[in-house]
Protein chains: 4
Amino acid sequence: MAKLDKRSEIVRAAVQIIADQGFHGSPMAMIAERAGVAAGTIYCYFESKDILIKELYREIEGKLLEALRVGYQTERPIRERFLHLGINFLKYFVAHPLESKYMEQFHNSPYGVDLRRGRFAKEFKDDDLLYLELFEQGVAQQVIKDLPTILLFALAFGPVITLTRDHILGFIELDDALIEKTIAACWDGIKR
Amino acid sequence: MAKLDKRSEIVRAAVQIIADQGFHGSPMAMIAERAGVAAGTIYCYFESKDILIKELYREIEGKLLEALRVGYQTERPIRERFLHLGINFLKYFVAHPLESKYMEQFHNSPYGVDLRRGRFAKEFKDDDLLYLELFEQGVAQQVIKDLPTILLFALAFGPVITLTRDHILGFIELDDALIEKTIAACWDGIKR
Amino acid sequence: MAKLDKRSEIVRAAVQIIADQGFHGSPMAMIAERAGVAAGTIYCYFESKDILIKELYREIEGKLLEALRVGYQTERPIRERFLHLGINFLKYFVAHPLESKYMEQFHNSPYGVDLRRGRFAKEFKDDDLLYLELFEQGVAQQVIKDLPTILLFALAFGPVITLTRDHILGFIELDDALIEKTIAACWDGIKR
Amino acid sequence: MAKLDKRSEIVRAAVQIIADQGFHGSPMAMIAERAGVAAGTIYCYFESKDILIKELYREIEGKLLEALRVGYQTERPIRERFLHLGINFLKYFVAHPLESKYMEQFHNSPYGVDLRRGRFAKEFKDDDLLYLELFEQGVAQQVIKDLPTILLFALAFGPVITLTRDHILGFIELDDALIEKTIAACWDGIKR
DNA sequence: TATGAATGAGAGTTCATTCAT
DNA sequence: TATGAATGAACTCTCATTCAT
């Protein structure tokens, strides 16, 4: 119990602080203090700051993926599936601002570059595959524009990323209606 | 002249190194060495590292704005003006990878957040105004979707930002044809 | 039995690791792991790392002393006894590289200084006495040079220590013939 | 002036503290404090603690070598040259206890092992060559025992090293007479 | 204006030891 | 007796900034 408690306290503290201040503004000592543990304790659970950061990302990504899959049906039409994924994506981030900020920090850092590099090298994760499959089928069915997958990714995700950031910073209040309009507009961007 | 020389050497060196290694991977001493000046000399021109970073951004943004304005005609149709801006935007970044990387680093950092916060607080810069005006006219003419301006920004810029990053990392080779298709797709996203 | 087992596992592990990596390269946790016990368990048998290290030395020294006494006869001539001790000494170390390395580490450290300090203060151990007696008799019989005992120690042991180190590091392969020649040369150094 | 002053203050402080407490008992902060400089200042002159330690050794070894060469004449008989070197060696260490202790610490550490390894691999330094040449000529002239050079080193140096340690620790007071007797005894050990 | 040696706070990490179980 | 998670002081090293020259 104590073990799980400490670990999750550390995770909670780390996500909070890093989401807020970025990796460089988050000394291990500060994370430890916020978690209510000693500095050395973090190293009982995570080998290094680097590994902590990557592990945090993996956990958050996992939860996001779960949320995306809820109610997702492969046999439905391309458009419907795209809207489902996009809307769930945005809703998840709106509902989980801390995780959202963390992912933002992660992607906008050398870690994110490494991640993208891996994906570009075809080392895809499950959630990449979800979209990859969708785009490929869409292109094949001539429903989606015949553009490089990476470009389709950019057209579909770029607005979502930017908007998430705006929402986090309080520049816009995203409600369900706005979320649906946004994803619909993204669909307009990629649909044929 | 010697004064201007040193200053511009510092600017050049700083952009180069920061574009490559990020703010935290760019000690002042390294910038000084690359610029061929002493460490203390930087402080004759820039009060602090923070101010250097912001000033660098201001200069780069200025050059970008100039590029956007070339051939831009307020009296042309909304769509045409949007394509002009978007295409020039992407072309500028493709042609200026160093500046592009620098802006990327800047936006993906606490500095970028400050910048956006300022803009949200209606402290707009010239290039914001360019787009602001375009979107407002487009909405009024019922050519562009009736969405909050900030959302239109996201729909129009999100893909561009994401794509620029992919290009910088070498994940996609952007030629003129692809650039035009991309911006056209962005237009599809915001047009009514 | 379980108690003895754990203790000797700890001793075995500690000698192994310390012989290999020195005192500072041998965290208690590593010793515990190698011994197959928990980190805290070591403290059931040894009050502290310091005490563990000293106790290890005592045990190894004891075994060495035993080896020296085998076949040692007080009534034989000085030279013969000296050769016996020296040769057995070297042979023991060659046959027990782990113990040899451990003693090397021990002597070349603040622990070794303390040990020597104790001996200088006339707190002799059994094996010191063995040599002490031999040298005193040798000087009395005018077979050994009339020099301070400590100098005779240095003349007799210095080469042996240095050579053991060379052997451990693989710089020389000591066989029985070479060992005998070495000790004979040491005798030349102290004999009248 | 200030530059040289600081550097030599650091060197002085480092040799003092390390001679006394060993490498692990000598934090950089303590060295800095003793030298009267800030912690970071050491890194203006030495890249790392490792490099500081090695550089210190190099400087001390250089001074020792100089002392050995004073009055050394290649054309004199083997025995005379051997006595010259050995006596100067001991006298130097007796006169420079700090340097002596430092070399002791160095040799009895992984650094020393690396050094010896290099020498074993025939990367000899000047002072090695001095002895190497002497031993080879001695063996060729049938004045010195026909043993591997490394063994001759051990026979000649082992007593000196051990004795130096004893002297440093205050176990014996080495005066010129005793030094001469010691080196003469070492000669007895290697002479044919 | 220009220098660059010097500063020192603060970073990540290690590890002997403790103690509740 | 045995555990091993937890501790926290101490370590090496970095780097933005200062200031005497």
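What you see is a predicted model, and the numbers here were worked out from it, not measured in a lab.
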Of the candidate nucleotides [options], which contains the atom at the shortest distance from the side chain of [X]?
{"X": "A/C44", "options": "F/dG8, F/dA6, F/dT3", "value": "F/dA6"}
{"X": "B/A38", "options": "F/dT7, E/dT7, E/dG4", "value": "E/dG4"}
{"X": "C/Y43", "options": "F/dT3, E/dT3, E/dT18", "value": "E/dT18"}
{"X": "D/T41", "options": "E/dA2, E/dT7, F/dG4", "value": "E/dT7"}

Do the side chains of [Y] and [X] get nearer than 4.5 Å, heavy atoms only?
{"X": "A/F93", "Y": "A/I161", "value": "no"}
{"X": "A/E99", "Y": "A/L64", "value": "no"}
{"X": "B/F46", "Y": "B/I53", "value": "no"}

Quiz item: A/L52 and A/A14: which non-hydrogen atoms are nearest, and at how many Å?
Solution: CD2-CB, 4.3 Å
Exercise. Return the minimal non-hydrogen interatomic distance between A/G25 and A/I17, and the atom names on each side.
Key: O-CG2, 4.4 Å
Quiz item: Is there a residue in residues 19-31 of chain B whose heavy atoms reach under 4.0 Å of DNA chain F, and which residues are they?
Solution: B/P27, B/M28
Exercise. Pull out every residue in residues 47-55 of chain B that has a heavy atom closer than 4.0 Å to any atom of DNA chain F, ordered by number, or say none.
Key: B/S48, B/K49
Quiz prompt | Dot-bracket summary - DNA chain E, pairs being Watson-Crick or G-U whose distances fall under 3.5 Å, with | when paired to another strand | solution = .||||||||||||||||||||
Any salt bridge between [X] and [Y], counting N to O under 4.0 Å?
{"X": "A/E59", "Y": "A/R7", "value": "yes"}
{"X": "D/E61", "Y": "D/R58", "value": "no"}
{"X": "D/E9", "Y": "D/R12", "value": "yes"}

Distance in angstrom units between [X] [atom1] and [N] [atom2], rounded:
{"X": "B/Y45", "N": "E/dT3", "atom1": "OH", "atom2": "C1'", "result": "12 Å"}
{"X": "C/I18", "N": "E/dC15", "atom1": "CD1", "atom2": "C1'", "result": "14 Å"}
{"X": "B/F46", "N": "E/dA2", "atom1": "CZ", "atom2": "C1'", "result": "15 Å"}
{"X": "C/I10", "N": "F/dT3", "atom1": "CD1", "atom2": "P", "result": "9 Å"}
{"X": "B/E33", "N": "E/dA2", "atom1": "CD", "atom2": "C1'", "result": "17 Å"}

Quiz item: To the nearest 0.5 Å, how far apart are CZ in B/F23 and CD1 in B/I18?
Solution: 5.5 Å
Exercise. Check the pair A/N108 / B/E104 against side chain to side chain contact (heavy atoms under 4.5 Å, CB included), numbers first and verdict last.
Key: CA-CA 9 Å; A/N108 300 329; B/E104 163 92 352; 5.5 Å; no
Exercise. Please determine if a side-chain N or O atom of A/K6 lies less than 4.0 Å away from the OP1 or OP2 oxygen of F/dG4.
Key: no
Quiz prompt | Nearest-nucleotide comparison on DNA chain F, the residue closer to the 5′ end among C/G40 and D/G40 | solution = C/G40
Quiz prompt | Atom CD of A/Q21: over 12 foreign heavy atoms under 6.0 Å | solution = yes
Exercise. Would you kindly compare A/A39 and D/G36 by the position of their nearest DNA chain E nucleotide and give the one closer to the 5′ end?
Key: D/G36
Quiz item: Would you say the side-chain atoms of A/Y57 and A/H107 include a donor-acceptor pair closer than 3.5 Å?
Solution: yes
